[in-house]
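When a ligand or atom number is given, it counts from 1 through the structure's own listing order.
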Amino acid sequence: MSSNKKLFIQTLGCQMNDTDSQHIQAELEKHKGYTATDKIEDADLIIINTCSVREKPVQKLFSEIGQFNKKKKEGAKIGVCGCTASHLGHDIIKRAPYVDFVVGARNISKIKDVVDVKGSVEVSIDNDESTYEFSTAKTNQYRASVNISVGCDKKCTYCIVPSTRGEEISIPPEMIVEQVRKSVALGAVEVMLLGQNVNSYGRRFSDNREKYTFTKLLQDVSKVEGLKRIRFTSPHPLHMDDDFIEEFARNEKISKCIHMPLQSGSTEILKAMKRGYTKEWFLNRASKMRELIPNLRITTDIIVAFPGETQKDFEDTLDVVNQVKFDQIFNFKYSPRPGTEALNLADKEIPDEIGSARLIELIELHKRHLEDTMPTYVGKTLNVLVESLKPNGEVCGFTDSYLQVFTKGSDELLGKFVDVKITEATRTSLKGEIIS
Ligand code: 5AD
Ligand code: SF4
């Protein structure tokens with residue numbers, strides 16, 4: 001379908017949201033003839049795909065859509081999608097009547113039905129199989145994202161996600177494999193499997209088929225011919241059983257970078273967060289992985305200043321950080337979220353200045369670790385999938401362990417694997433020369 005209608009999408013939040021935005025774009029291109037633009041002023045449709053996991057994005061939403069309303073061209077529509085849409089629903093249009101439609105995080109597949117219906121609100125979190133069928137989502141020409149489940153069954157006491165994305169339902173493995181095949185046929189060599197909690201995959205399907213496991217799914221996906229690399233996010237440390245870790249270590253297609261969201265290093269706080277594991281379990285899983293996979297990179301999420309977090313609890317977090325030496329940390333200061341259980345702990349909330357100081361201490365510690373670990377790559381030869389061209393005559397790509405590497409090169413390297421001898425390291429990326 002072709003027309004001159006232009007679509008502008010702004011995406012906040014996590015990788016699930018990035019993929020949802022890619023789906024929104026693909027669906028609206030295919031069914032409604034929109035093409036993407038990065039200029040709000042040119043857009044006939046402006047969509048903001050929101051996140052509600054921390055407080056600021058919600059506050060920002062209304063000022064941002066107000067700005068969009070001022071900048072938009074005459075007659076352009078505004079839609080609000082994603083997690084804040086799920087959680088505020090009709091209130092968005094009540095508070096900002098110029099918003100044309102609202103589509104929740106679990107209802108993205110409805111986008112083509114609502115764009116032309118002024119005032120429509122789709123935020124149900126019931127199961128609906130149409131949510132699985134999408135046009136292909138691509139981050140770039142070589143990387144595709146494929147959802148493997150929707151929703152989340154965990155009850156982490158700080159987290160709003162279960163109320164915005166609903167209960168966890170796994171997408172049937174044959175649909176996932178088919179989606180991966182299609183993406184590879186379109187040129188992808190790497191696939192990112194996405195879910196709120198990927199390694200609890202297979203516990204519940206929308207039909208009453210037999211249970212499945214994430215480990216089996218990884219085996220199925222790795223059989224797709226032409227696929228070179230498999231990545232996934234997010235796994236839950238609690239479900240990192242030996243089977244999973246051994247498959248991760250053995251399967252050469254699986255990228256050797258794993259996200260292990262710690263959240264806290266204190267067993268007491270983990271209990272209050274209802275994470276289901278202890279400090280010792282986390283350390284045991286991380287060291288088993290490091291043992292089996294020598295070049296492994298481990299990334300994590302940490303929340304500081306959860307209600308009741310004492311100095312001793314925080315030191316437990318620093319202790320885990322010191323032992324695991326994470327390769328990347330996404331740090332957050334606790335933010336009370338509506339409808340979550342942790343609100344009951346309001347009387348134990350930690351003063352903001354203490355939270356900020358803890359955040360800084362954690363960031364500084366991690367910086368020191370990176371200053372130790374990153375230079376150890378200098379002199380090594382790493383295999384890199386080249387993905388993009390930089391304006392300064394360099395190309396950029398990622399190693400199997402998802403380290404970003406820059407090197408001199410041109411567009412003929414795009415999509416190819418090359419060996420790069422590393423000559424320089426910063427805290428977050430490497431530079432080197434191609435030797436093959
Ligand atoms: N406050 C601060 N951080 C949070 N996260 C989730 N909910 C909250 C909250 N209420 C963080 C967690 C999660 C990441 C996506 O966001 O670390 O893993
Ligand atoms: Fe992603 Fe959670 Fe934010 Fe929703 S609330 S966009 S699931 S991080």
Pairs satisfying ring-ring contact (aromatic ring centres under 6.0 Å, His included), at least one member in residues 262-288, at least two apart: His236-Tyr277

Proximal atoms of ligand 1 relative to Val53 (non-hydrogen, under 4.0 Å): 6 (C), 7 (N), 8 (C), 9 (C), 10 (N)

Short N or O distance, Ser335 and ligand 1, threshold 3.5 Å exclusive: yes

Contact partition for Tyr158 relative to ligand 1, non-hydrogen atoms under 4.0 Å: both

For Ser234, the option from Met260, Gln196, Gln15, His259 that meets side-chain contact (heavy atoms from CB on, under 4.5 Å): His259

Which segment of Ile303 sits under 4.0 Å of ligand 1 when only heavy atoms are counted: side chain

Polar atom proximity, Tyr334 to ligand 1 (N or O, under 3.5 Å): no

Aromatic plane relationship, Phe205 with Tyr201 - under 30° parallel, 30 to 60° tilted, over 60° perpendicular: perpendicular

Side-chain donor-acceptor contact under 3.5 Å, Asn331 with His366: no

Contacting atoms of ligand 1, where contact means under 4.0 angstrom from a heavy atom of Arg337: 10 (N)

Lys333 and ligand 1 - part of the residue with a heavy-atom distance under 4.0 Å: backbone

Aromatic Tyr158 / basic Arg337 pairing, under 6.0 angstrom, 45° off normal: no

Under 3.5 Å, sequence neighbours excluded: what are the donor-acceptor pairs made by side chains of residues 91-103?
from   : atom 1 : to     : atom 2 : distance (Å)
Tyr98  : OH     : Gly66  : N      : 3.4
Asp100 : OD1    : Ile78  : N      : 2.8
Asp100 : OD2    : Lys118 : NZ     : 3.3

